[in-house]
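So that the names make sense, note that chain A is the first sequence line, chain B the second, and so on, each numbered from 1. The structure displayed is predicted, hence computed values, not measured ones.
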Protein chains: 4
Amino acid sequence: MGAPAIPGVMKRGRPRSEQVERAILRAAGDLLTEHGLAAMTIEDVAARAGVAKTSIYRRWSTKGTLALDAFLADFLGSQPLPDTGNLENDLTAALRAWVRTVRGTPTGRALAELIAQAQSDPDLAVAWRERVVGPARAQHRKILEHAVARGEIPDTSDVEVLMDLLFGTAYHRLLQGHLPLTDRFVRRVVAVIVAGAKAGAAAPPTP
Amino acid sequence: MGAPAIPGVMKRGRPRSEQVERAILRAAGDLLTEHGLAAMTIEDVAARAGVAKTSIYRRWSTKGTLALDAFLADFLGSQPLPDTGNLENDLTAALRAWVRTVRGTPTGRALAELIAQAQSDPDLAVAWRERVVGPARAQHRKILEHAVARGEIPDTSDVEVLMDLLFGTAYHRLLQGHLPLTDRFVRRVVAVIVAGAKAGAAAPPTP
Amino acid sequence: MGAPAIPGVMKRGRPRSEQVERAILRAAGDLLTEHGLAAMTIEDVAARAGVAKTSIYRRWSTKGTLALDAFLADFLGSQPLPDTGNLENDLTAALRAWVRTVRGTPTGRALAELIAQAQSDPDLAVAWRERVVGPARAQHRKILEHAVARGEIPDTSDVEVLMDLLFGTAYHRLLQGHLPLTDRFVRRVVAVIVAGAKAGAAAPPTP
Amino acid sequence: MGAPAIPGVMKRGRPRSEQVERAILRAAGDLLTEHGLAAMTIEDVAARAGVAKTSIYRRWSTKGTLALDAFLADFLGSQPLPDTGNLENDLTAALRAWVRTVRGTPTGRALAELIAQAQSDPDLAVAWRERVVGPARAQHRKILEHAVARGEIPDTSDVEVLMDLLFGTAYHRLLQGHLPLTDRFVRRVVAVIVAGAKAGAAAPPTP
DNA sequence: GCGTAACCGAGACGGTACGTCCCGTCTTGAT
DNA sequence: ATCAAGACGGGACGTACCGTCTCGGTTACGC
């Protein structure tokens, strides 16, 4: 006895404080929503969390990955997985929920700034794809696969492209800011995609 | 002669050197393509152009607007306005040209980084919309309006949404990097949009 | 005209501010005498002088050389060059002046700490020898050369060794702190050196 | 057995490991000679000794006192107590031995850096005087007292001043580095001191 | 043909934040 | 009570750029 359950994983030294971790994430989240990612500095986060800078660098290598964790604490779970038995309804519900979370909110700005940051922070880019894009697409893929199972759209449909059409269009307005994310916008985007998909346009051509 | 073309705008003192302007834009463009926007500093641009920092700040207020000008020197005009008499062909040609310019190229990275920078640089955001998004959309709008004129798609179609669908989807893959910008991707995106538009899905519902 | 008097020395750019220089030296000198060299930080000097850290690093490469300049502003000139026509009197006056400046004073501590710092700061070591040790020895050498000229001590006397005996002994008590720098100490050190020198002990043996 | 030798000092808990102590001193000594005191950090010593930092702090309060112990392991005993029946010979032998140990050697640098460190580390200053200066002077005092006993120099001679003259002069060249510690230097320093002492110059004046 | 106002290069300036190093203390589980 | 390990709050480091400013020197227009 006294031996660790899993030899190689036996922890040595003082364990990292969960309290410190929480304080950092809370401070980072606050600064992110108050002033945005560009104005958020590691030094401010440390000061606000009552923590040494080293305690932050020990856990996160870049500002981006820290901001991502702070962001996900708020964002994850706010995106529902609707399943009404009708593709148009499901997609509309999913996109509407996203628009509500994002339009004119600190969350929306944080989302935009994180994507921005990922353009020059490879660590963040990887984490972003694995922890945000991946899970979100997994949810949306289910919606489309259910529609396929129900026979609403052809089973040869390119589901990935359909998802890109749905959210790519929405991200476009978020990031370019040329036009607002209205409800009518949501309805029309969904209508075109559903009509196109039902017509078999997302599937390989039949010769 | 000697009198200014526009009386109130008469210039006094030494005029700004066009040579300086060109040197700055070339240096900025080089650094942008070599190292990216995030790594481009005003100080480096000045050093590389053999120019004083003040000569840069006299002309551009932020790094972003300078980078935009350097970028547009290369980018503008590389996007054709196809007009084949067929909507699907026109959209495919337009999107294909964009993909070719952007996929795996310094231009593509610069494009992504400029959109990123615009998220935290309001000056750049405005300039971006006015000088890139606006003109590009004006071109694409023509394609769609020709299709309407030909009767290919209903004249009540929401042209703005159709454009967002086309390029939003493409920008999505560029910025998120989760999937590649293949030719098949282009064809399917266009196919869905055209099918949806022809079905009247981008138009207000008829009661 | 318009050409500089000395071509290569033509100054370009904004000249360094003498006011900044003075403020830095004053702040450094104050901190040096108040808290000592070990507790003096570049950051504190900058804050106290109301100056950016970069303005200090632009002028001094190490803390030691900065402290040296701050020290010399006070120290230089406080060491007289006595010339009474009698070697013992001259040496006594010189050593007494040094002891008075140094014993139990901030100047004494600064002196000790600068020598300490020079043990691990090669830049300072060089500057110390050139700007403090050299000039001081030049003065003391004169005293001894006058004694030689008067015939008080042999002209073959090793003047360097005699100077080392005089001040080395005094520095010893300053740095080791094992015994105080009393006036009796001064008189006896001088007496032994003068007696030894007159006896020709500092000269090469005559075979 | 098991009972403590001295009742009130009976130890509880795990005893300190002598092996740890040795490992620390060896690591400290190595780093001291390889990189010097200024570059020696507690963290490096711990890593090199394969020991926790706390195991060092448990035994030594400051870097200086640790370095002192590491230094003395090498230095002590390398300084002989000559007794040839002739003052000049004895002093020459003593000073020559010191010069040999110190000139151009890691020991010499360590010696200089320890004196340097003592200028801002009161703990080390005290230990230095008690454990280095005191014992060394006790030895040298014997040499001089023997000379007094033999009648070579007056019994009223200020032995302390004579010792300061001998080693102060040598430390001066070690610490200031302005001139080398040659053998001729040693001979002349000794010659002046002995001549001065024999002339009664280190004694109170006889009225 | 002479001012003079804006330009130009150079580089100093105050300032912010960076990411790192090391400090000396503490908290763990194991001896 | 000691040990190895390593997290912790903290302080200062020296650097990189920022955007502004102050120099001496250079145009080119308008008097």
A.B. asks: Start at the 5' end of DNA chain E and walk down; is the nucleotide closest to C:Pro15 or to A:Thr41 reached first?
C.D. replies: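 Mapping each residue to its closest nucleotide by heavy atoms, the 5'-most match is C:Pro15.
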A.B. asks: For C:Glu21 and E:dG14, give me the distance from atom CD to atom P, rounded to whole Å.
C.D. replies: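 Rounded to the whole Å, the gap is 12 Å.
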A.B. asks: Reading DNA chain E from 5' onward, which residue's closest nucleotide shows up sooner: C:Val51 or D:Ser61?
C.D. replies: C:Val51
A.B. asks: So, OP1 or OP2 of F:dG6: does either fall under 4.0 Å of a side-chain N or O from A:Arg59?
C.D. replies: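 False: A:Arg59 side-chain N/O out of range (4.0 Å or more) of F:dG6 OP1/OP2.
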A.B. asks: Using a cut-off of strictly less than 4.0 Å, decide whether A:Ser55 has a side-chain nitrogen or oxygen near OP1 or OP2 of F:dG9.
C.D. replies: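 Answer yes for this pair, as a side-chain N or O of A:Ser55 is under 4.0 Å from OP1 or OP2.
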A.B. asks: Are OP1 or OP2 of F:dA16 and a side-chain N or O of C:Arg58 less than 4.0 angstrom apart?
C.D. replies: no
A.B. asks: Taking CD from D:Glu43 and C1' from E:dC23, how many angstroms apart are they, rounded to a whole number?
C.D. replies: 8 Å
A.B. asks: So A:Asp69 and A:Arg131, salt bridge (charged side-chain N to carboxylate O under 4.0 Å, His left out) or not? Walk me through it.
C.D. replies: CA-CA 10 Å; A:Asp69 280 349; A:Arg131 303 183 46 203; 2.7 Å; yes
A.B. asks: What integer distance in Å separates C:Gln19:CD from F:dT22:C1'?
C.D. replies: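 Result: 14 Å.
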A.B. asks: Can you tell me how far C1' of F:dG14 sits from NZ of C:Lys63, to the nearest Å?
C.D. replies: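 One finds 14 Å between C1' of F:dG14 and NZ of C:Lys63, rounded.
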A.B. asks: To the nearest angstrom, how far is A:Arg16 atom CZ from E:dT27 atom P?
C.D. replies: 18 Å
A.B. asks: Nearest whole angstrom, please: distance from the P of E:dC13 to the CD of C:Glu18.
C.D. replies: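 The answer, rounded to whole Å, is 11 Å.
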A.B. asks: Please determine which of A:Lys53, A:Arg48, A:Lys63 meets the salt bridge (Lys or Arg N to Asp or Glu O under 4.0 Å) test together with A:Glu43.
C.D. replies: A:Lys53
A.B. asks: By nearest atom, which of the nucleotides E:dT31, F:dA12, F:dG6 is closest to the D:Arg14 side chain?
C.D. replies: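 Nucleotide nearest to D:Arg14's side chain: E:dT31.
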A.B. asks: Quick one: does C:Leu25's side chain get under 4.5 Å of C:Trp60's, heavy atoms only?
C.D. replies: yes
A.B. asks: Given atom OH of D:Tyr57 and atom P of F:dA5, what is their separation to the nearest angstrom?
C.D. replies: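 Rounding to the nearest Å, OH of D:Tyr57 and P of F:dA5 are 17 Å apart.
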A.B. asks: If you compare every side-chain N and O of B:Ser17 against the phosphate oxygens of F:dT27 (OP1, OP2), does one of them come in below 4.0 Å?
C.D. replies: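 Looking at the OP1 and OP2 atoms of F:dT27, neither is under 4.0 Å from any side-chain N or O of B:Ser17.
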A.B. asks: Grab the two heavy atoms, one from D:Gln119 and one from C:Leu175, that are nearest each other, plus how far apart they are.
C.D. replies: NE2-O, 2.8 Å
A.B. asks: Which comes earlier along DNA chain F counting from the 5' end, the contact point of A:Gly50 or that of C:Asp44, where each point is its nearest nucleotide?
C.D. replies: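 Nearer the 5' end of the strand: A:Gly50.
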A.B. asks: Round to a whole Å and report the spacing from NZ of A:Lys53 to C1' of E:dC23.
C.D. replies: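 One finds 15 Å between C1' of E:dC23 and NZ of A:Lys53, rounded.
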A.B. asks: Which nucleotide wins on minimum distance to the side chain of C:Thr54, given the candidates E:dA6, E:dT31, E:dG15?
C.D. replies: E:dG15
A.B. asks: Ignoring hydrogens and geometry beyond distance, is a side-chain donor-acceptor pair present between D:Thr62 and D:Asp121 at under 3.5 Å?
C.D. replies: yes
A.B. asks: On DNA chain F, compare the nucleotides closest to A:Ala52 and B:Ile42; which residue's is nearer the 5' end?
C.D. replies: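 By nearest-heavy-atom nucleotide position, the 5'-most residue is A:Ala52.
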